[in-house]
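Written out below as structure tokens is the structure these notes cover.
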Amino acid sequence: MKRFLKYFGVFLLGFFSSIVALVVLIAISFAQFGNSKEVETLSEKTWLTINLPSVLNDKADSNPFNELFAGLAGQEPLGLNQILSAIDNASKNENINGILLNPGFFASGFGQAEEIRNCLLNFKKSGKKIIAYSENYTEQGYYIATISNHIFLNPKGLIEFNGLSSGVVMYKGMLDKLGVEFQVFKVGKFKGAVEPFIQNQLSDENKIQIKDYITSIHNHELIKISEARNLNFDSLYQISNKGQVFLSKHALEFKFVDQLGYEDEVHSFIESKYKTKKTLSLRKFLKIESEYAYSENKIAVLYAEGEIVSGIASQSGSQIASDNLVKEIKKIRENDQIKALVLRVNSPGGSSIASDIISREIELTKKKMPVIVSFGNVAASGGYYISCLADSIFAQPNSITGSIGVFALFPNTQKLYKEKFGLTYESINTGENAELWRPDQGISKIQGLKIQAMVDQIYDDFLSVVSRGRHMSKESVHEIAQGRVYSGVKALEIGLVDGIGGIDRAIKSASQKANLKEYKLMVFPEPKNPLESILGDEFADALTEQQIKLAESLGINASILQELQSVKTMQGYQMRLPWSIDIR
């Protein structure tokens with residue numbers, strides 16, 4: 001009877017899963033059919049409206065379930081690749097006359113901001129116009145908006161233009177109260193990822209590198225705004241330093257904006273000046289199929305975004321899992337139509353062994369086709385490790401990279417275990433080193449020496465890989481390594497990257513190295529079909545999302561919760577940035 005109930009239960013689960021899949025497929029089909037009329041609305045003198053999200057991934061989540069449910073909720077899950085593609089296609093579409101840009105609360109990273117801004121600049125070169133309007137401008141949002149022909153600000157709105165700040169949460173005080181002490185093994189005086197767990201304050205070396213790279217990013221921002229708005233650089237620096245532009249009246253006074261107005265007045269301005277009131281949302285424009293000439297030659301664009309972990313990703317879209325990425329790289333390498341690979345990296349690093357496994361696949365692929373890397377907001381530590389063997393690396397001026405170093409963290413829970421909980425622990429071992437870690441005591445001196453030797457070896461291997469990939473001596477690499485973080489501009493100076501530019505430049509370089517005049521892009525990872533989404537692990541993130549919402553309702557910062565969660569999931573030795581990047 002039990003066996004019958006078991007098989008009957010499996011049958012019911014399969015039956016209802018099939019019904020759900022069928023219903024969703026029908027819903028998606030109807031949604032796509034219903035949107036077919038939207039394609040016909042594109043006519044002469046249409047303006048494309050782009051509302052930037054506050055945060056976006058490099059690659060849009062192409063899961064049809066997420067797209068459908070997000071659509072029902074009134075949200076549009078956009079990716080940077082979609083935004084760049086839409087702007088590029090709009091520049092070539094004779095029916096699109098201009099872009100109405102609303103940066104909103106965009107705060108996704110200066111690397112992505114640079115990429116969007118440059119793409120909009122290319123749009124302007126086609127002779128078309130850009131009008132920007134927002135109720136409020138973030139520092140990054142305003143940076144993007146400065147290339148516009150005319151900038152509007154809501155009369156009651158604000159502009160964030162007060163310089164950059166990088167904050168670090170120090171956990172040691174909390175850990176002391178819990179009775180937890182972390183034992184650290186690392187290489188590199190700048191490798192500060194461990195500092196929040198063992199210190200109440202940042203080290204001087206850490207402060208120096210933070211100051212250096214945010215100053216580099218800030219200076220680049222001021223130079224570009226100075227050029228776009230015809231404002232004096234020194235004056236901009238003083239305004240930023242003193243926070244003189246915040247209210248709308250000050251923004252107008254200092255010529256940061258051209259006009260104060262409400263959204264309806266912006267539309268009236270466009271209608272009066274450009275003789276049109278036709279607008280089309282970016283989401284609807286994306287549904288219009290672009291015409292591409294057929295080509296047997298393909299360039300693969302592979303997106304690698306998130307922390308680097310071993311095995312299979314436990315959270316879709318938020319991790320670079322070695323098994324997953326290796327599978328994608330092999331698929332690309334074995335496709336004879338693909339002539340080059342562009343790897344887009346946006347990662348602070350993670351597992352050292354996972355990084356090495358991915359790097360090995362890049363090296364194998366390079367024997368068959370050119371491999372070009374494009375850095376997003378951040379490609380540091382393990383993110384740099386998986387990139388450095390490529391033929392060429394391109395970064396934005398404000399990309400964050402470097403952090404060539406290694407560390408290992410071991411929690412000493414002796415006080416928590418014995419004094420707080422009153423627990424005792426016994427073990428029977430075959431030898432004195434059989435037990436590397438136990439909850440009631442710390443790492444012994446002999447064990448510590450062994451662990452440090454392993455960390456030193458991994459660091460030496462890291463130097464060797466960078467030395468081989470960048471054609472530098474290991475000594476030269478060590479001088480600029482030691483866990484230090486650099487901006488894209490500085491990385492170019494010291495030879496860690498080959499050029500400044502976004503993914504478009506990386507694709508152009510790939511086509512040149514592969515001697516391709518005509519080609520078509522193939523994006524990886526490819527989207528899952530709906531049935532895979534049902535039977536796969538797409539619902540695995542639901543609990544995490546609920547935990548985050550609960551934490552936020554209690555006043556706990558979600559980013560702090562996620563950072564503490566990541567410590568629990570760390571496996572093996574780590575190649576990570578010295579802190580969580582939070583530039584404001």
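In this chain, numbering begins with 1 at the start of the sequence shown. Computed from a prediction, not measured in an experiment: that's the story for all the values here.
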If you look only at pairs with a residue in residues 245-262, which of them pass as a side-chain hydrogen bond (donor to acceptor under 3.5 Å, both in side chains), with sequence neighbours excluded? H150-Q259, R229-D258
By salt bridge (Lys or Arg N to Asp or Glu O under 4.0 Å), D323 pairs with (sequence neighbours left out) none
Could you tell me whether the side chain of E139 and the main chain of N162 form a donor-acceptor pair under 3.5 Å? yes
Which distance, rounded to the nearest 0.5 Å, do you find between the NZ of K331 and the CG of L302? 9.5 Å
Measure from the side-chain N and O atoms of S399 to the backbone N and O of G376, and report whether any donor-acceptor pair falls under 3.5 Å. yes
Any donor and acceptor pair, going by atom type alone, linking the side chain of N102 with main-chain N or O of T49 inside 3.5 Å? no
What salt bridge (charged side-chain N to carboxylate O under 4.0 Å, His left out) pairs are there with at least one residue in residues 45-58, not counting sequence neighbours? D58-R344
Donor-acceptor pair, S381 side chain versus G383 backbone, under 3.5 Å? no
Residues that N93 engages under side-chain contact (heavy atoms from CB on, under 4.5 Å), provided they are two or more places apart: L42, N95, I96, F285
Which side-chain hydrogen bond (donor to acceptor under 3.5 Å, both in side chains) pairs, counting each pair once, include a residue from residues 117-131, with sequence neighbours left out? R117-T146
Candidate pair D88 and K92, rule salt bridge (charged side-chain N to carboxylate O under 4.0 Å, His left out), full reasoning: CA-CA 7 Å; D88 182 57; K92 303 168 187 174; 3.1 Å; yes
Tell me which pairs pass salt bridge (charged side-chain N to carboxylate O under 4.0 Å, His left out) where either residue lies in residues 147-158, with sequence neighbours left out. none
Would you mind telling me which of T401, I400, I503, L496 makes a side-chain contact (heavy atoms from CB on, under 4.5 Å) with F375? T401
Quick check against the 3.5 Å criterion: does N346 have a side-chain atom that pairs as donor or acceptor with the backbone of V378? yes
Should the ring pair Y137 and Y142 be called parallel, tilted or perpendicular, given that the plane angle runs from 0 to 90° and is split at 30 and 60? perpendicular
Look at the side chain of Q209 and the backbone N and O of V485, then say whether any donor-acceptor pair between them is shorter than 3.5 Å. yes
